[in-house]
Amino acid sequence: MFKKTMLASALLTTLSGCTRMADEVCTPDTRVEIESAEVKIPSTEDTKVIVLSPNISFQDEAKTKLITSMRNELETQISSSGAELVDRSLANKLKNELILAEQSGRVSTKGASVADVAIITEITASDLTYSFKEAYTRETDDGIKRYPAECDFTVNVKAIAKVVAIPSMKLIKRIEMQGDESIDIEERRSDCPISVTQYQSLASKAAMEAVEHTYELKQMLAASAPVLELRQCEHGSMVRLNMGTNKKVTPGAEVLFSKGMKSMEGELEIFPIGTGYVVNNQHNAVTTKYSWVSIDEETALKVQKGSLGKIVPEQCRWGDIECMLK
């Protein structure tokens, strides 16, 4: 089921609204009976993801570092989404079979019993550039200040990640990723020599950034879970979601709610019904296994037991100026 719906889920956009963020949870005696959803939407807790070791077709002194860093960051993103990550040793055994199946368009029989989705990544570039800056002096209030000659190095890493359904091996989404890392080093030589270790460090960090700054991937992998109940009190309307700190849910996080419907052909279609915010307190808004999400009246009229709530990930980490400027 997940294989047929992940693309639709990934394309959902955040609805605008004026939901008030509550800071208290309604008590159990304010529970309101709601209907159960006729059509279930698979959540991340139902999903198993296999991350294949990234491919790199060109020779590069940082090849091993690039592959390791990018794979680690991909696995970190999946683990934080709440999806089940397939063991790396098993992923390594299935890599060739899955890649051949994806390239030929045939069904992956071995992968079917292991995962629902595979992430196949190709690192397409790791480009090192540099610029030289001559030494110079500048007059300041404290006197003449001297600045040494230096070289500015930048490594730009590019990759393509394909999210593929198993066992059909149909492409769900193709995502372009790009990251860069820079460093200034005091150096008198204008040809700007750099050690292999320095280059590998820059390339490794750029590969990690390529994954971290890819919002499309964060959207697809965002944690999701079904609605369990609705309560209404002086603090407003709120629903309990079947995920909490086990899925990295935090107070104040934005949540997108959706409902599922079957088409004439029996295919599952997903429709957004509103947004809400996790109740903003630290003592009982989020537990290990569930969280309370404040919603507006319109959404409260549409939500059902089994409706899907999906975290809307932050595009950039707080303080990540480079990400914000992209």
Practice item. Could you go through the side chain to side chain contact (heavy atoms under 4.5 Å, CB included) check for T214 and V211 one step at a time? Key: CA-CA 5 Å; T214 303; V211 178; 5.5 Å; no
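- The minimum heavy-atom distance linking I67 with I56 is given by the pair CD1-CG2, 3.6 Å.
- Without hydrogens or angle criteria, S201 side chain to Q198 main chain gives no donor-acceptor distance under 3.5 Å.
- Residues Y277 and W292 are members of separate hydrophobic clusters, defined by side-chain heavy-atom contacts under 4.5 angstrom among Ile, Leu, Val, Met, Phe, Trp and Tyr.
- Taking every heavy atom of both residues into account, A207 and M70 meet most closely at O-CE, 3.7 Å.
- Side chains of Y199 and S126 form a contact here, defined as non-hydrogen atoms less than 4.5 Å apart.
- Residues Q232 and S237 bring a donor and an acceptor atom of their side chains to less than 3.5 Å of each other.
- No more than 12 heavy atoms of other residues, nucleotides or ligands lie within 6.0 Å of NZ in K133, so this atom counts as exposed by the packing criterion.
- Residue R240 holds its CZ atom at 7.0 Å from CZ of R231, rounded to the nearest 0.5 Å.
- Contact of the L202 side chain with the I194 side chain is registered, since non-hydrogen atoms from C-beta on lie closer than 4.5 Å.
- Contact annotation: the side chain of I172 approaches that of M220 to within less than 4.5 Å [non-hydrogen atoms, C-beta and beyond].
- When all heavy atoms of A37 and G306 are compared, the closest pair comes out as CB-C, 4.2 Å.
- Residues I144 and E139 are in side-chain contact: their nearest non-hydrogen atoms beyond the backbone lie under 4.5 Å apart.
- How far CD1 of I119 is from CZ of R71: 11.0 Å, rounded to the nearest 0.5 Å.
- Between T140 and D142, the side chains place no donor N or O within less than 3.5 Å of an acceptor N or O (distance only, hydrogens not considered).
- Within the 3.5 Å criterion, the main-chain N or O of P313 finds a donor-acceptor partner in the side chain of Y215.
- For the atom pair CD (E297) and CD1 (I295), the distance works out to 10.0 Å, reported to the nearest 0.5 Å.
- The CD atom of E73 sits 11.0 Å away from atom CD1 of I78, with the distance rounded to the nearest 0.5 Å.
- Residues I41 and I270 are in side-chain contact: their nearest non-hydrogen atoms beyond the backbone lie under 4.5 Å apart.
- Considering only heavy atoms from C-beta on, N55 comes within 4.5 Å of K95 through its side chain.
- Atom CD of E298 sits in a sparse spot, with 12 or fewer heavy atoms from other residues, nucleotides or ligands closer than 6.0 Å.
- Using modelled atom types, one side-chain atom of S224 and one backbone atom of T44 make a donor-acceptor pair closer than 3.5 Å.
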Kindly list each side-chain donor-acceptor pair under 3.5 angstrom involving residues 147-164, sequence neighbours excluded, with atom names and distances?
from, atom 1, to, atom 2, distance (Å)
Y147, OH, R138, NH2, 3.0
T154, OG1, S182, OG, 2.8
K162, NZ, E102, OE1, 3.4
K162, NZ, E102, OE2, 3.1

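- Atoms CG and CD, from N284 and E24 in turn, are 7.0 Å apart once rounded to the nearest 0.5 Å.
- Using a distance-only test at 3.5 Å, with no hydrogens or angles considered, no donor-acceptor pair links the side chain of K259 to the main chain of V39.
- Side-chain contact, T299 with D296: a donor N or O sits under 3.5 Å from an acceptor N or O.
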Let's go through K205 and E209 carefully: what are the C-alpha distance in whole Å and the side-chain angles of both, what is the deciding distance for salt bridge (Lys or Arg N to Asp or Glu O under 4.0 Å) to 0.1 Å, and is it a yes or a no? CA-CA 6 Å; K205 292 175 181 177; E209 183 185 276; over 6 Å; no
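- One N or O on the side chain of K218 and one on the backbone of E212 form a donor-acceptor pair closer than 3.5 Å.
- Contact between V279 and A285 at its shortest, heavy atoms only, is O-CB, 3.1 Å.
- To the nearest 0.5 angstrom, F58 atom CZ is 7.0 Å from T124 atom OG1.
- Residues V303 and I273 come closest through the heavy atom pair CA-CD1, 4.0 Å.
- You'll find the side chain of N72 reaches within 4.5 Å of the side chain of R88, heavy atoms only.
- Smallest separation of non-hydrogen atoms from V227 and Q304: CB-O, 3.6 Å.
- A donor-acceptor pair under 3.5 Å is formed between the side chain of D116 and the backbone N or O of K48.
- Not a single donor-acceptor pair under 3.5 Å links the side chain of S291 to the backbone N or O of T287.
- Between N281 and P251 there is no side-chain heavy-atom pair separated by less than 4.5 Å.
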